[in-house]
2 protein chains.
Amino acid sequence: MITPISLFNASCTECGLKKLCFPLGLDKAEVLRLDAIVKRKSPLQKGEALFRTGQAFQAVYAVRAGGFKVSTVSASGEDQIAGFYLPGDILGADALSSGLHVSTAVAIDTTTVCEVPFHDLERLASQVPSLNHQLLSLMSKELTDERMHAELLSRKSAEERLALFVLWLSRRQERRGFSARAFRLGLLHRDVALYLGLTPETVSRILARLAEERVFSWRNKQVDIMDMSALEVLAGEAQNDNDDCQRSQCG
Amino acid sequence: MITPISLFNASCTECGLKKLCFPLGLDKAEVLRLDAIVKRKSPLQKGEALFRTGQAFQAVYAVRAGGFKVSTVSASGEDQIAGFYLPGDILGADALSSGLHVSTAVAIDTTTVCEVPFHDLERLASQVPSLNHQLLSLMSKELTDERMHAELLSRKSAEERLALFVLWLSRRQERRGFSARAFRLGLLHRDVALYLGLTPETVSRILARLAEERVFSWRNKQVDIMDMSALEVLAGEAQNDNDDCQRSQCG
DNA sequence: AGCACATCTTGATCTGTATCAACTCCACAG
DNA sequence: CTGTGGAGTTGATACAGATCAAGATGTGCT
């Protein structure tokens, strides 16, 4: 199959996501060395797997466009969704300790990735301290994200979970330079429900209520936030009262 | 204050936990270099904090004896417990991406730790590839553990959660060379409840039932597992049927 | 365009766990 | 030894969200 070169040859130097990805903190010469080990793969179709549980760990991947859902299959069959990975995110590093992937990554859209063979990455990182630091930093970030996820699951009501989920998405969009108030979200309610520890029915009911209350709507893969501060309140993240004041002038 | 040197001078070379900790995969000369940057601190009393939310990130810590509970304080005040760290575990690396600790680590017993200044660790790791690999591997391990925690929180019943929790503890004990069936657990019900996303009342009720059914008991900081296979069944982790068979001779 | 299947919505009911409340047990200080 | 406060237990009740069920809407394929 012949694919237009232009889609895949963009280097890290020119990539719009370099502030979120491995190049962060590297100088130009270092980015060029990184570029040399990165393989741009042809796009995955929606539903295709990037890796599956049990496969040998070979590389980590940076999402360039599209996205993945990462799930683990439990003994009971039904799968749990560990997270969603959007452009700029790195995935696959969770397989590092065991040498085998412990989860499956499925494209939720037509998706392009950069493949970074781990052996090469590790060797380069040992020569480029700032790259190594960034690798550690990205993993540390994933860990704190997963902790936030666990906190959401253990202490939040269904409504808070959905509000928080949309708020997180909104902030990720914003950091990528897109609108925080309106974006596309090509996920099934079922997948979001699994991620949030809820059922699709509950998700549907709460979406109906929040749309009714003009907080936000999610219809036909399109999210529109109508009242950001109400959303923050519902998510339990309002910039309220005097938390800052205790450290500055007030009181 | 003068403390007996003998308590703190044990080197990594002689440490019984080296198979679980940074030295894994290093040769003797490398372990000696690691030893040179590790600081053995004087013990923390029960209830003392190793680090607190908001403190600057300076070092990672290896638990030598005792243990920690690591919790995050949410805006609403009550704290969520992210995990328990036992001898051989590494903690503190979650602060790496932001440069500030995002959680608080409190000793649950008299506890000794090895402090590894991160700046030194990073420099040494850049010279010793196997150390760098082990650092990445430990972080990857933490990430998969946190995913298991999230899975427990989103899909398991209260009984399954407790069974799984005790099973995890049992396996950790075993890997450290202790009995898998009987061990000390100096945690409050309240802390375990928070970790499992339950209330102390529910924990108490289920413990009573499981002791009644002779699966395991937890009284006076002492856990005794009476029926390991029943515990595995309750935890949804029984070595059941033909999962292996599908890959071998059966059928 | 039209069919078929998957996803989403909406409603009725059920249930596991939280919540509230009272009591017991224990550790520790004096 | 006794008083005090925190932790654990046990029971009664409430409710959020699961489950079951049926219909509406969408989406992909021929």
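Checked against the 6.0 Å centroid criterion, the rings of A:Phe84 and A:Tyr195 qualify as a close aromatic pair.
Between A:His189 and A:Trp218, the ring-plane angle classifies as tilted under the 30° and 60° cut-offs.
Using a 4.0 Å cut-off between a side-chain N of Lys or Arg and a carboxylate O of Asp or Glu, B:Asp224 and B:Arg219 do not qualify as a salt bridge. B:Asp109 and B:Lys46 are not joined by a salt bridge, as no carboxylate oxygen comes within less than 4.0 angstrom of a charged side-chain nitrogen.
Between the two ends of the helix from C:dA1-D:dT30 to C:dG30-D:dC1, each summarised by a five-pair axis, the helix axis turns through 50° (rounded to 10 degrees).
Judged purely by distance below 3.5 Å, without hydrogens or angles, the side chains of A:Ser179 and A:Gln173 never pair a donor atom with an acceptor atom.
Atom NZ of A:Lys46 and atom P of C:dA6 are 14 Å apart (whole Å). As a whole-Å value, the separation of A:Leu188 CG from D:dT27 P is 11 Å.
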(Q) Set out, in order, the CA-CA distance, both residues' side-chain angles and the distance that settles salt bridge (Lys or Arg N to Asp or Glu O under 4.0 Å) for B:Glu142 and A:Arg147, then state yes or no. (A) CA-CA 11 Å; B:Glu142 263 212 272; A:Arg147 287 214 179 139; 3.6 Å; yes
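Proximity note for A:Arg219 (side chain, C-beta onward) versus C:dT10, D:dT9, D:dG26: the nearest is D:dG26.
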Q: Can you check each nucleotide of nucleotides 11-23 of chain C against protein heavy atoms at under 4.0 Å and return B for base, S for sugar-phosphate only, - for none, in 5' to 3' order?
A: BB----SSBB---
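In terms of the side-chain hydrogen bond (donor to acceptor under 3.5 Å, both in side chains) criterion, residue partners of B:Arg172 (sequence neighbours excluded) are, by chain and number, B:Asp89.
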